[in-house]
There are 2 protein chains.
Amino acid sequence: MKRRKEMKSLIIVSHPSIETSLNQQFFKEATRRLDVTWHHLEKCYPDGEIALEKEIELLKTHDRIIFQFPFYWYSAPAHLKIWQDAVLIYATECLRKKELGIVLTTGVSEKEYQAGGKEEYTISEFLRPYQRIAHKFDMTFLPPFVMAQFMYQTEEKKWERLIAYQRYLTLTGKPTLVNRIDWFLEQLRNHPLLQASNQLKQEYVIDYLCKEKEALEDLMFTLQELKE
Amino acid sequence: MKRRKEMKSLIIVSHPSIETSLNQQFFKEATRRLDVTWHHLEKCYPDGEIALEKEIELLKTHDRIIFQFPFYWYSAPAHLKIWQDAVLIYATECLRKKELGIVLTTGVSEKEYQAGGKEEYTISEFLRPYQRIAHKFDMTFLPPFVMAQFMYQTEEKKWERLIAYQRYLTLTGKPTLVNRIDWFLEQLRNHPLLQASNQLKQEYVIDYLCKEKEALEDLMFTLQELKE
């Protein structure tokens with residue numbers, strides 16, 4: 001299989017009290033071994049004075065731009081808006097054909113974001129301004145990654161979401177089943193903790209997934225031939 | 001006819017370069033003889049440090065809260081978001097049962113805000129976060145007042161929109177035809193310029209409108225009787 005083009009994510013985080021957010025700490029920990037850039041606006045610019053040249057350079061050197069924030073009154077905290085108002089007007093050329101993703105955390109259950117739910121409107125409706133920004137810059141808008149009520153999740157669910165988050169940041173191409181399995185195999189092969197311990201279990205998982213993937217590819221190939 | 005309850009508007013303006021905006025200057029001029037409060041955030045808080053107690057007092061002493069701003073990336077400029085993040089969490093009690101209005105200016109024609117238009121989504125969709133805030137505080141969300149492409153309007157159209165803006169700020173009750181005529185009569189009676197000059201013309205307009213209104217009220221009364 002041919003190697004995909006390198007793709008690097010810039011995570012623009014906006015959270016005014018990040019040290020109190022277990023969810024954001026969990027996210028940050030999840031990025032430690034990934035080749036991504038964690039860029040926390042409130043820490044970087046406590047007085048709100050944005051360094052325009054630095055920001056443009058960051059946008060130029062990354063391919064997937066992520067806005068990561070908790071819902072504050074149904075949009076990002078003020079610091080991200082300060083950044084948008086300061087930077088975006090100069091970013092037309094360096095964003096074209098790239099990807100824009102949203103990592104959204106909310107204390108309210110996701111099912112409340114619908115007609116008749118407590119929050120009335122869908123998350124997609126609240127995120128229209130960001131979706132429109134992506135389209136204006138000729139970017140691909142990725143389906144948002146929503147982490148609702150992190151604290152109420154079981155440990156297992158938290159880890160599952162963490163892996164999904166890592167995939168959201170680093171998976172190249174569409175999140176098809178084949179691509180997702182490929183991505184997962186790569187993580188397993190490269191993860192230092194998994195390499196050091198539990199070697200047999202890891203090999204078993206990889207072997208299992210490889211077989212699954214082959215079966216799936218055969219199936220897809222057959223279906224393709226039937227269509228032609 | 002019974003006198004309606006006094007209603008006072010607080011216009012929370014967010015515009016980072018208001019002195020260059022002819023539209024905002026026009027709006028400001030239009031409020032001069034009205035009993036409303038003009039509150040420009042960037043002027044009041046250039047460093048973004050919001051005086052919470054002052055803001056709560058302002059909200060307490062007004063009944064119609066207006067957010068007035070140009071679209072910056074499909075929402076308000078950062079200063080209004082700073083205000084929202086600082087104030088709203090403490091405003092639950094002083095906003096209940098009041099009204100929230102949006103005065104939006106845009107350089108793009110209103111018809112571009114639709115599926116297939118240049119801006120893709122409707123203004124209502126972009127304003128969902130504000131609509132939801134109103135509902136969360138048990139406020140009535142007023143249909144937004146949109147001033148698109150102010151500079152391209154004819155003089156006559158500008159004045160027409162100016163009167164509509166004044167009405168948006170000060171009309172009590174629903175904008176029915178009767179209420180709008182009532183409001184207009186009150187403006188005519190109280191306007192110092194009209195009082196000083198052109199007395200006859202003013203009296204003629206008032207007389208004409210009063211008769212129109214009586215005819216309309218008769219008609220409504222008759223229709224009401226027929227229904228019963």
Side-chain angles (χ1 to χ4, degrees), chain A residues 14-17 41-42 45-50 67 69-92 95 100 104 106 108 112-138 141, chain B residues 14-17 41-42 45-50 67 69-92 95 100 104 106 108 112-138 141:
Chain A
S14 182
H15 195 304
S17 55
L41 295 179
E42 283 84 350
Y45 306 115
D47 59 0
E49 286 292 323
I50 308 287
F67 290 161
F69 56 82
F71 251 166
Y72 272 39
W73 305 110
Y74 311 104
S75 63
H79 249 76
L80 182 58
K81 194 73 207 328
I82 293 171
W83 181 95
Q84 287 174 238
D85 290 0
V87 176
L88 283 180
I89 203 165
Y90 303 103
T92 312
L95 289 177
L100 180 66
L104 176 71
T106 158
V108 175
E112 301 295 354
Y113 292 94
Q114 62 172 322
K118 274 187 198 157
E119 300 294 9
E120 269 190 285
Y121 308 112
T122 62
I123 286 172
S124 287
E125 283 174 285
F126 287 129
L127 295 181
R128 284 283 187 264
Y130 306 97
Q131 185 178 11
R132 176 64 201 133
I133 286 168
H135 295 173
K136 194 176 179 76
F137 284 99
D138 200 8
F141 189 68
Chain B
S14 182
H15 195 304
S17 55
L41 295 179
E42 283 85 350
Y45 305 115
D47 59 0
E49 285 293 322
I50 308 287
F67 291 161
F69 55 83
F71 252 165
Y72 272 40
W73 304 109
Y74 311 103
S75 63
H79 249 74
L80 182 58
K81 194 72 207 328
I82 293 171
W83 181 94
Q84 287 174 239
D85 290 0
V87 176
L88 283 181
I89 203 164
Y90 303 103
T92 312
L95 290 176
L100 180 66
L104 176 71
T106 158
V108 175
E112 301 294 356
Y113 292 95
Q114 62 172 321
K118 274 186 199 158
E119 300 294 8
E120 266 191 287
Y121 307 111
T122 61
I123 287 172
S124 288
E125 283 174 285
F126 286 129
L127 295 181
R128 285 282 186 264
Y130 305 98
Q131 184 179 12
R132 176 65 200 130
I133 286 169
H135 295 173
K136 195 176 179 75
F137 284 100
D138 200 9
F141 189 67

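Quick note on labels: first sequence line is chain A, next is B, and so on, each numbered from 1.
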(message) Heavy-atom pairs under 4.5 Å with chain A - which of B:Glu119, B:Glu120, B:Arg132 has more of them than the others?
(response) B:Arg132

(message) Under 4.5 Å from any heavy atom of chain B, what part of A:Ala76 do you find: side chain, backbone, both or neither?
(response) backbone

(message) If I measure from the heavy atoms of chain B, does A:Tyr121 come under 4.5 Å with its side chain, its backbone, both, or neither?
(response) side chain

(request) State the CD-CD distance between A:Glu125 and B:Gln131, to the nearest 0.5 angstrom. (result) 9.0 Å

(request) Check whether A:Lys118 gets within reach of chain B through its side chain, its backbone, both or neither, counting any heavy atom under 4.5 Å. (result) backbone

(message) Less than 4.5 Å apart, side chain to side chain, heavy atoms only: is that true for B:Trp73 and A:Lys136?
(response) yes

(request) Go through A:Ala78, A:Pro77, A:Pro16 and name the one with the most non-hydrogen pairs under 4.5 angstrom from chain B. (result) A:Ala78

(message) Counting heavy-atom pairs closer than 4.5 Å to chain B, which one of A:Phe71, A:Trp83, A:Tyr130, A:Phe126 comes out on top?
(response) A:Phe126

(request) Kindly indicate whether the side chain of B:Gln84, heavy atoms from C-beta on, has any atom under 4.5 Å from the side chain of A:Tyr72. (result) no

(message) I'd like to know which of B:Ile82, B:Asp85, B:Leu127 tops the heavy-atom pair count under 4.5 Å against chain A.
(response) B:Asp85

(request) Heavy-atom pairs under 4.5 Å with chain A are the metric here; pick the option from B:Ile89, B:Leu80, B:Asp47 that has the most. (result) B:Ile89

